[in-house]
Every structure is written in structure tokens, then in C-alpha cells.
Amino acid sequence: MKEELNILIQAQYPLIYLVTSEEERAEQSISTIAQTLKPTRRVYVWTVTHGIVEYGQPRNVTQHNTVSPEAAIEWIIRQREPGIFILKDLHPFIDAPATTRSLRDAIAQFKGMQKNIILMSPMQNVPIELEKEVVVIDFQLPDMAELNKVLTHHIDQNRGRRLSTEAREKLLRAALGLTKDEAEKVYRKAQVTIGRLTEDEVDIVLSEKKQLIRRNGILEYIEEDATIDAVGGLEELKKWLKQRSNAFTERAREYGLPQPKGMLILGVPGCGKSLIAKTTSRLWGLPLLRLDMGRVYDGSMVGRSEANLRNALKTAESISPAILFIDELDKSFAGSGGSGDSDGGTSSRIFGSFLTWMQEKKSPVFVMATANRVERLPGEFLRKGRFDEIFFVDLPTPEERQDIYKIHLTKRREDITRFDLEQLAKMSDGFSGAEIEQAIVAAMYEAFAQEREFTQLDIIAALKATLPLSRTMQEQVTALRDWARQRARPAASSVAEYQRMEF
Ligand SMILES: Nc1ncnc2c1ncn2[C@@H]1O[C@H](COP(=O)(O)OP(=O)(O)OP(=O)(O)O)[C@@H](O)[C@H]1O
Ligand SMILES: [Mg+2]
């Protein structure tokens, strides 16, 4: 990222929009870049409270009368010397006609001069008049090398013991995804809690990180105890996932394999889509981050939603390799691209940014999305090449149902030989995995109330009392199946698929 910024500055991009909440770190790296340039450049910083101050100078050494945005930009235009001019938090003022106009004047005047304006702000707000002139980039979160500096500084300050290379790496990796300040805080907390910082404190660092990530509200660290064996059926899908267990290793890169991009799991409600997505984290040994699209949307301020999405994606990238889990994608992007946008186009813009990110991402973030209403999903998602594969999870076949009974009964009782799984499977035609589980639970409640062990007959009674979704929502389910047969790969084995056809 520093590279990118460096290139843009050298290539004399007049107006760069740097999205970040880490002002100090960003300023430092701009100043470092400025010093490596030939000739070196001076760096000036504008804030609405102090006007223009040269970087590194005390705040009272301000340029007179540069507090208002227009005056500041006028001042910048008047400078003959090369320079980098950072305008901090201009976003609330940038829409004012005078501000936009003076920025455009500045850009016109900068031609051939080594001058750049950098708009630095935690959120993106680019007025339409400037869209063509500005280049927007994200300031990435600290990488291992930068975190290493933080950690070293911390240990030196606390006169801590030297860490082994492995311990150090674990502590650094655990802090990936945090800002510099947050990393400092987390290391300090681990130190204070235990009184030292060693490899054993990795867990504290990790759990602190999880809390910090949760606090920002959009990403959530998910820990799933279940393994992929807790999912009945879906053999094809499991095979695909197992085949890719080591897809994010160095070895796979050396072998010449591309990094998997993502998968979309479509299917009937309650058939294990979310479950299998969650268990993949364990299978692949990668962290699972759920992106809550509902929380991305924020109507309080223009650009807020975009900033939320950017931040979340940035965090995911810095924790990568990781799985980014978007459950119920259809609900997240419903209405995007359609004609009836009711939110001033925010959802379309968010959707656009997300697609662009998916298209361009180089970092090993595997997108795992689920959906059950295909017709609500923008067509762009379904285009070939967007995801590595689109799987369709149908209602379970009789064999798959046996498997599901076995899993859920074994979870609850050690010995399940008293159950006739074949009969149960036969009696639950049209039931989803979730409904099968519910029937078992209902049977248990019934028997428990009568203070006895539950039996085959209790489950059968519960099944009879249930009207499965596939019947109450028959039309939707049929439509989804017809659609998916043509366009998605069945998640069940092809043999099972054949059986289903006959059923
Ligand atoms: N194939 C399956 N094997 C084992 N359990 C299953 C299976 N399918 C569903 N279940 C049970 O039902 C629960 C709900 O399933 P899950 O949340 O994965 O469904 P889903 O396909 O994501 O549904 P929705 O479309 O409503 O989100 C699971 O937690 C699990 O206990
Ligand atoms: Mg689900």
C-alpha cells in the first residue's frame, strides 16, 4: 500500500483520497515517502482547528488565515515549492460549492508541479464534480513487519524477555487485522493480565482481537465446534471442500494453483448451507469472519455505509488467509441494481463496491456466501467466474436423511441401535435437515414430559405433526429447484441425485 501511495505521489496525481482512521500512521508513512523523493518534499497538514501546519512543527506555527477550507486550498495553490498537502477530515466540507471549486482550481494549477493534495479521512465522500479527478485508496492495516515494530517497542519498554522466532510470529499473527493503536493496546492488556508476554499469551491477544473486531460491529469472528462430519449428505460439496483443504498454502502456490476465490451455496431453507459454511473454517484451519451486511448499511451520513464495507473488507484482508462468510446474500443485496431502489442508490453502490472488490482482490480471502432466494440475487453474482463454484443444496435424499438422523441421534444418545433409520428416512420425505432435527427434539420433549426415554414412535408422531416447508412453500421450492438444475452443481453425490429423480 505504501508502494501504491508512493507511485501515485511520484506520478504526480494531484488529488489522492486516502481512506483511513489511522491518521498518525498514515502521516508518518507519507512523511517517509516525502523524504525518499528527490528532491525531498515538504509535507503540510491542514485541520479545521489549526489551519495549515508543516508536518513535525508545533501546532502554533500555523499559516495565517488558513482555517477555512477554501483559504487553505488557496494557500496551497499559491505555493511555488513542491509539496505534499494533507487535508484531514475535509469530508464534511467537501460538498460546499466553494470547496469543490477550489479543489478543481488546485488540480488545474498543479500540472507539471510536484504538488499533491491528499484528502485523509475515515470515510469516503467524493462529490460528483471531483469523481474523475480523484483517486481513492485505502490505507492498509499494519502488516507483520509493522506489528513487529510495535511488539519490539512494547517488549523493550517493559524490559520483557526475548521471544523465540515462533512465539514472536504467533503473537504478530494474532494481532493481524488490528490498527497500530489497537495492537499496542492488546499487547499491553496481555502483559498486564499475566505480567509477561510469551507464546502462552497468544490466546489473550486473539480473544482481545475478536472483541475489538466485534465492537466495530460489522465483522464477527465465528467459532464453530462442529466438524464437517456433523453435516449429513452433501457429498459432492464436501469432496470439493476437502480437496481444497490446503489450497491456501505456499505449496499450492508453488504447484501453480490459483487461489480459490469463493463459492456460493444456494438452496432450500434448513438443509445445511450455513452449517457447512461454518464447518469449513475448521476443515481448512482458517478463521471465519461473518460479514453482516445488515450492519453495513447506515443512513446517518453519506458515505457511511461504503466506509463500513471498506473497513470490514480491509480487516478481513489483513487477517487473511481467512474465510469471509456472507450468510443470506440474497437478503443483503436485495434491491441492488433493480429499478426500485428506495435508499438513494446506497445498496447499488455497496453492491458495486463489493463486486469490484471480489473481482480485484489479491489477498487470500475466500468468500463463502449462501442464499435461498435466487430471484432476489443480482444476476452479476451468478455470472460464470465470479465464484469458483455455485452449489445447489436440495432437500435431502432418503440416504442423506438416514445420515442426518444418525448424526442428530448420535449427538444426543450413545446407543442408537433401537432406532430404525431407514423407516424414519422413508417417513420424512420432503423434510429438511432442520425439520428432522426439530422432530427429534419434539419427540424428546414429549417423552421427557412423560418421564420416559424417547422412541422411534415418538419421532414418527412428531414427523406426522409437522408440515414441512417444502409443502407449505411448494411453489418456491419447485421454482428454485428448476432454476438450480440448469445452473448450479448439485451438492449431493450424483448417485443421490439419480435416486432423487426416481423418488
Ligand atoms: N445436512 C444436514 N446435516 C445435519 N444437520 C443438518 C443438515 N441440514 C440442516 N441441519 C440442521 O439444521 C440446522 C439448520 O441448518 P442451516 O442453518 O445450516 O440451514 P440453511 O440451509 O442455512 O437454512 P436457511 O436457508 O434457512 O438459512 C443445522 O444447524 C443442523 O442442526
Ligand atoms: Mg442459513
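Note that the structure is predicted; figures quoted are calculated from it, not measured.
- Considering only residues two or more places apart in sequence or on other chains, F85 meets the ring-ring contact (aromatic ring centres under 6.0 Å, His included) condition with Y44.
- The backbone N or O of H91 sits less than 3.5 Å from a side-chain atom of N125, completing a donor-acceptor pair.
- Under a 3.5 Å cut-off, the side chain of T370 and the backbone N or O of D327 do not form any donor-acceptor pair.
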List the steps and the verdict of side-chain hydrogen bond (donor to acceptor under 3.5 Å, both in side chains) for D105 and Q109.
CA-CA 6 Å; D105 291 343; Q109 190 259 354; over 6 Å; no

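- When atom types are taken as modelled, the side chain of S29 and the backbone of R25 share a donor-acceptor pair closer than 3.5 angstrom.
- Ionic pairing of E220 and K210 is not present here: no N-O contact between side-chain nitrogen and carboxylate oxygen is shorter than 4.0 angstrom.
- Closest non-hydrogen pair, K273 versus L266, comes out as CD-C, 3.7 Å.
- Pairing each heavy atom of W240 with each of D388, the nearest pair is CZ2-CB, 3.9 Å.
- Counting heavy atoms from C-beta on, the side chains of I117 and L119 come closer than 4.5 Å.
- In this model, a donor atom of one side chain and an acceptor atom of the other lie less than 3.5 Å apart for R253 and Q259.
- Within the 4.5 Å cutoff, no side-chain heavy atoms of R485 are placed close to those of P490.
- Salt bridge absent: R104 and E129 never bring a charged side-chain N and a carboxylate O closer than 4.0 Å.
- Remark: side-chain polar atoms of K115 are paired, donor with acceptor, to backbone N or O of I76 under 3.5 angstrom.
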Should I94 and L130 be marked as a side chain to side chain contact (heavy atoms under 4.5 Å, CB included) after you check the CA-CA gap, both sets of side-chain angles, and the distance that decides it?
CA-CA 10 Å; I94 200 169; L130 291 172; 4.2 Å; yes

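- Shown here for S363 and S320, the closest heavy-atom pair between the two residues is CB-OG, 3.9 Å.
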Passes side chain to side chain contact (heavy atoms under 4.5 Å, CB included), T20 versus T179? Steps please.
CA-CA 10 Å; T20 181; T179 63; over 6 Å; no

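- When side chains are defined from C-beta on, S68 does not count as touching F93, because their heavy atoms never get closer than 4.5 Å.
- Using a 4.5 Å heavy-atom threshold, the side chains of P287 and E223 count as separate.
- Note that OG of S245 is 8.0 Å distant from CH2 of W284, once rounded to the nearest 0.5 Å.
- A 6.0 Å sphere centred on OH of Y13 holds no more than 12 heavy atoms belonging to other residues, nucleotides or ligands.
- Two residues are said to be in side-chain contact when any heavy atoms from C-beta on lie closer than 4.5 Å; Y221 and L219 fail this criterion.
- Side-chain contact of N308 with R295: a donor-acceptor pair under 3.5 Å is absent, judged by distance alone.
- Note that CG of N311 is 6.0 Å distant from OG of S21, once rounded to the nearest 0.5 Å.
- Counting heavy atoms of neighbouring residues, nucleotides and ligands inside a 6.0 Å radius, atom CZ of R42 does not exceed 12 of them.
- The two atoms that bring L103 and L15 nearest to each other are CD2-CD1, 4.2 Å, heavy atoms only.
- In this structure K88 satisfies the salt bridge (Lys or Arg N to Asp or Glu O under 4.0 Å) test together with E23, E27, sequence neighbours excluded.
- Taking CD of E70 as the start and CD1 of I73 as the end, the distance is 7.0 Å to the nearest 0.5 Å.
- The main-chain N or O of T66 is found under 3.5 Å from a side-chain atom of W46 such that the two form a donor-acceptor pair.
- For the pair R282 (side chain) and D225 (backbone), a donor-acceptor distance under 3.5 Å is present.
- The only member of I326, L241, L288, L329 that meets side chain to side chain contact (heavy atoms under 4.5 Å, CB included) when paired with M368 is L241.
- When side chains are defined from C-beta on, V367 does not count as touching I323, because their heavy atoms never get closer than 4.5 Å.
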Decide yes or no on salt bridge (charged side-chain N to carboxylate O under 4.0 Å, His left out) for R78 and E74, but give the supporting numbers first.
CA-CA 6 Å; R78 283 201 304 276; E74 287 307 321; 5.3 Å; no

Can you check side chain to side chain contact (heavy atoms under 4.5 Å, CB included) on I390 and M263, steps first, answer last?
CA-CA 6 Å; I390 300 179; M263 73 186 311; over 6 Å; no

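- Within a 6.0 Å sphere centred on CD of E54, other residues, nucleotides and ligands contribute more than 12 heavy atoms.
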Verify side chain to side chain contact (heavy atoms under 4.5 Å, CB included) between D143 and N148, making sure each step is shown before the conclusion.
CA-CA 8 Å; D143 57 12; N148 196 14; over 6 Å; no

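- Of the possible polar contacts, none joining the E328 side chain to the D330 backbone as a donor-acceptor pair under 3.5 Å is found.
- Listed by first and then second residue, the salt bridge (charged side-chain N to carboxylate O under 4.0 Å, His left out) pairs that reach into residues 307-326 are D138-R310, sequence neighbours excluded.
- To the nearest 0.5 Å, atom CD of residue E184 and atom CG of residue L147 are 10.0 Å apart.
- Side chain of T280 to main chain of I276: a donor-acceptor pair is present (N/O by atom type, distance under 3.5 Å, no hydrogens or angles).
- Counted within 6.0 Å of CD on E375, heavy atoms from surrounding residues, nucleotides or ligands total more than 12; the atom is thus considered enclosed.
- A distance-only check finds no donor-acceptor pair linking the side chain of N6 to the backbone of I33 [under 3.5 Å].
- No side-chain donor-acceptor contact under 3.5 Å links N246 to the backbone of T249.
- Here the closest non-hydrogen pair linking R386 and K261 is O-CE, 4.1 Å.
- Between L171 and Y187 the shortest heavy-atom distance is O-OH, 2.8 Å.
- Within the 4.5 Å cutoff, no side-chain heavy atoms of F325 are placed close to those of L289.
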May I have the step-by-step check of salt bridge (charged side-chain N to carboxylate O under 4.0 Å, His left out) for K180 and E24, ending in yes or no?
CA-CA 10 Å; K180 189 174 162 218; E24 211 185 302; 5.0 Å; no

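- Inter-residue side-chain proximity for M293 and K331 is flagged as unmet; no heavy-atom pair is nearer than 4.5 Å.
- Distance check: M144 CE to L172 CG gives 5.0 Å after rounding to the nearest 0.5 Å.
- A centroid separation of 6.0 Å or more is found between the aromatic rings of F392 and W483.
- In this structure, the separation between CD1 on I16 and CD1 on I9 is 5.0 Å, given to the nearest 0.5 Å.
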List the steps, then state whether side-chain hydrogen bond (donor to acceptor under 3.5 Å, both in side chains) holds for R349 with S305.
CA-CA 9 Å; R349 277 203 308 278; S305 310; over 6 Å; no

